[in-house]
Amino acid sequence: MEDKKIILDVKNLNTSFKSDGKLIKIVKDVSFQLEKGRSLAIVGESGCGKSVTVHSVTRLMAKNSVISSDHVIYRKFNEDGTAKEYRIDKMSNYGKEMRSLRGPEISMVFQDPMASLNPVYRVGDQIIEGLLEHNPGMKKDDAMKMAIELLKKLGIPAPEQRVKDYPHQLSGGMKQRIVIAIALICNPELIIADEPTTALDVTIQAQIMELLKKIQVELNKSIILITHNMGLVTEMADDVIVMYMGRIVEKGTLKDIFNAPSHPYTKMLLASVPVLGMAQGQKLTTIPGSTPNPADLTEGCEFADRCPYCTDECRKGRIPGYEVSEGHMVRCRKFAGNKEVD
C-alpha cells in the first residue's frame, strides 16, 4: 500500500484572543491532516472557528492573537516522492520564511472579492504582484502574459482587456475569478478557499465551485474549503471536518459524514439543508438555540445546551474523540464505548 503524502499536518492547534484583559479561546485542540491532491471541507455555523483555524495555519492573524500547537507542518513534495518539511508553528507571522511560503506554496482565496481587491489598481497589476515579488528577475510584460493565459483558463473572456480594468468594472463572478487568479498565479500546492461564494448568486456559485474542483483534479492541487453551505461540500470535498465552538466534533470522508453522520450537530446541519422535491409547506429543520458566547468557558460538550440527546455525563470533563469507523471520528458521549482517537 502506497504511503499517504500528507501535505499539511496540524496537531492540537489552539488560538486565543486577548480582549479586556482576558484570553478568549476560539480554536480548541484542532488536529487534522490533508493529503496531497485531496480536498478538505471545514463546515459549521458562522463563528465556529473555521476561518480562525486556517488563518492560524497561514499565520494571518491579528497582533492580539495567541497561537499554540504541538506542530503545524507543511510538506513540499519532490517528483521522487521525498519532501521538505516546514514547521509553520515555529515561524513568525510576517517573517521572511513564512512570506516565502505564501504564494508559491500556500495561497488563500478570501470570501469577499471587493475587500480583497484594491479599487485603485488595475486587476492585472494585482494578479502579477505576487509573481514579481517571488521572482525578482522576471519582467513585468512576461508576468502579464502569464496572467492573461491564466485568466483564459479561468474562463474570463477578452482577458487582454480585463487585465486593464479596475475592480468596479467587473461583475461579482468576474471579481471572484480575479481573486482566484491572484491565488493561483504562483502555482501553489495548497489552496485555501474561505467562503469563496458567499456574495454570489447560485448560478455563479456553481461555476466557481466547478472551477475549483477542476483545478484540484487537473493540477493535483490540495484544497481546503471553508463553508457553512453543506450543498457545496458534496460538490467539492473528499474529506470533511465539522466544527462547533472552535472544536472538531466530527471528521471523516465525504461518504462518512453524509451517509453515516454521527454527531447530533452534524445530523442537524444536514437536516437543515433544503432538498429538491420537498412537499409544499414543509418546514425546514432548524437547530434550536444559538451558539454560546466563546468568552463563557464551558465544561464538557459545547453543544450540550442545544442537543436533544444531552445527559448529565455530556456536561462533565473533556469529551474525547471516538472512532465510528476507520478514519471517522466523532466527539460525542453516545460513542463512549468505542476506541478513543483524536
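As a basis for the values below, the full set of heavy atoms in this structure was taken, side chains included, without hydrogen atoms, waters or symmetry mates.
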NZ/NE/NH1/NH2 to OD/OE distance under 4.0 Å, Asp165 and Arg122: no
Taking every non-hydrogen atom, the tightest pair across Asn338 and Val324: ND2-CA, 4.2 Å
Candidate pair Arg87 and Asp89, rule salt bridge (Lys or Arg N to Asp or Glu O under 4.0 Å), full reasoning: CA-CA 5 Å; Arg87 286 292 301 268; Asp89 55 308; 2.7 Å; yes
Side-chain touch Phe110/Leu60, heavy atoms, less than 4.5 angstrom: yes
Interatomic distance, Asp70 atom CG to Asp9 atom CG [nearest 0.5 angstrom]: 10.0 Å
Trace of the side-chain contact (heavy atoms from CB on, under 4.5 Å) decision for Tyr322 with Lys339: CA-CA 6 Å; Tyr322 298 103; Lys339 176 184 175 183; over 6 Å; no
Main-chain N/O of Met114 paired to Asp112 side chain as donor or acceptor, under 3.5 Å: yes
Cluster check Val52, Met245: I/L/V/M/F/W/Y, side chain < 4.5 angstrom: no
Separation between CD1 of Ile6 and CZ of Phe32, rounded to the nearest 0.5 Å: 11.0 Å
CG (Asp312) with more than 12 external heavy atoms under 6.0 Å: no
Lys/Arg N to Asp/Glu carboxylate O, Glu189 vs Lys221, below 4.0 Å: yes
All salt bridge (Lys or Arg N to Asp or Glu O under 4.0 Å) counterparts of Glu160, not counting sequence neighbours: Lys152
Transitive ILVMFWY side-chain link Phe17 to Val57, under 4.5 Å: yes
Check against side-chain contact (heavy atoms from CB on, under 4.5 Å), Ile127 and Met144: CA-CA 8 Å; Ile127 293 171; Met144 196 61 75; over 6 Å; no
Minimum heavy-atom distance Pro196-Ile226, with the two atoms named: CD-O, 4.1 Å
Asp80, CG atom: more than 12 neighbouring heavy atoms under 6.0 Å: yes
Residue pair Val249 / Ile319, side-chain heavy-atom distance below 4.5 Å: no
Sub-4.5 Å side-chain heavy-atom contact between Lys251 and His328: no
Closest heavy-atom pair and its distance - Pro188, Glu105: CB-O, 3.5 Å
Lys/Arg-Asp/Glu bridge criterion (N-O < 4.0 Å) met for Glu85, Arg75: yes
Electrostatic pair Glu210-Lys213, nearest N-O below 4.0 angstrom: no
Ala62 versus Ser65, closest heavy-atom pair with distance: O-OG, 2.6 Å
Between CD on residue Gln216 and CG on residue Leu219, distance to nearest 0.5 Å: 10.0 Å
Ring-face cation of Lys36 near Phe77 (centre distance under 6.0 Å, axis angle within 45°): no
Sole residue of Leu13, Thr15, Ile241, Ile26 in side-chain contact (heavy atoms from CB on, under 4.5 Å) with Thr53: Leu13
Enclosure of Lys334 NZ (heavy-atom neighbours >12, cutoff 6.0 Å): yes
Over all atoms of both residues, closest heavy-atom pair of Ala147 and Ile128: CB-CG2, 3.8 Å
Within-4.5 Å side-chain heavy-atom neighbours: Asn12 and Ser31: yes
Pairing of Arg331 and Glu250 as salt bridge, 4.0 angstrom limit: no
Atom CD of Glu129 with >12 non-hydrogen neighbours under 6.0 angstrom: no
Side-chain heavy-atom pair Met243, Ile42 within 4.5 angstrom cut-off: yes
Ile180 side, atom CD1; Lys153 side, atom NZ - distance, nearest 0.5 Å: 15.0 Å
Electrostatic pair Lys139-Asp141, nearest N-O below 4.0 angstrom: no
Heavy-atom side-chain proximity of Arg59 to Arg102 below 4.5 angstrom: yes
Pairwise distance CD1(Ile257) to CG(Leu270) - rounded to 0.5 angstrom: 8.5 Å
Closest non-hydrogen atom pair, Ser69 against Val72: OG-CG2, 3.7 Å
In one Ile/Leu/Val/Met/Phe/Trp/Tyr side-chain cluster, 4.5 Å: Met108, Ile224: yes
Pair Val10-Gln33, side-chain contact (heavy atoms from CB on, under 4.5 Å): steps then yes or no: CA-CA 6 Å; Val10 178; Gln33 293 181 328; over 6 Å; no
Glu97 and Lys90 ion-paired at < 4.0 Å: no
Residue pairs fulfilling ring-ring contact (aromatic ring centres under 6.0 Å, His included) with at least one residue in residues 221-262, sequence neighbours excluded: Tyr244-Tyr265, Tyr244-Phe303
Lys140/Asp125 under salt bridge (Lys or Arg N to Asp or Glu O under 4.0 Å): CA gap, chis, key distance, verdict: CA-CA 9 Å; Lys140 184 176 179 179; Asp125 291 330; 3.2 Å; yes
Audit row: Asn14, Lys25, side chain to side chain donor-acceptor pair (under 3.5 Å) steps and yes/no: CA-CA 7 Å; Asn14 291 273; Lys25 204 167 188 178; 3.1 Å; yes
Verdict with supporting geometry, Glu195 and Leu225, side-chain contact (heavy atoms from CB on, under 4.5 Å): CA-CA 7 Å; Glu195 301 274 11; Leu225 172 66; over 6 Å; no
Leu101 and Met91, any side-chain heavy atoms less than 4.5 Å apart: yes
Straight-line distance of Asp201 CG to Thr203 OG1, nearest 0.5 Å: 5.0 Å
Pair Glu299 + Arg315, salt bridge at N-O below 4.0 Å: no
Donor-acceptor side-chain pairing of Thr253 and Asp239 below 3.5 angstrom: no
Flag side-chain contact, heavy atom, 4.5 Å: Met268 against Arg306: no
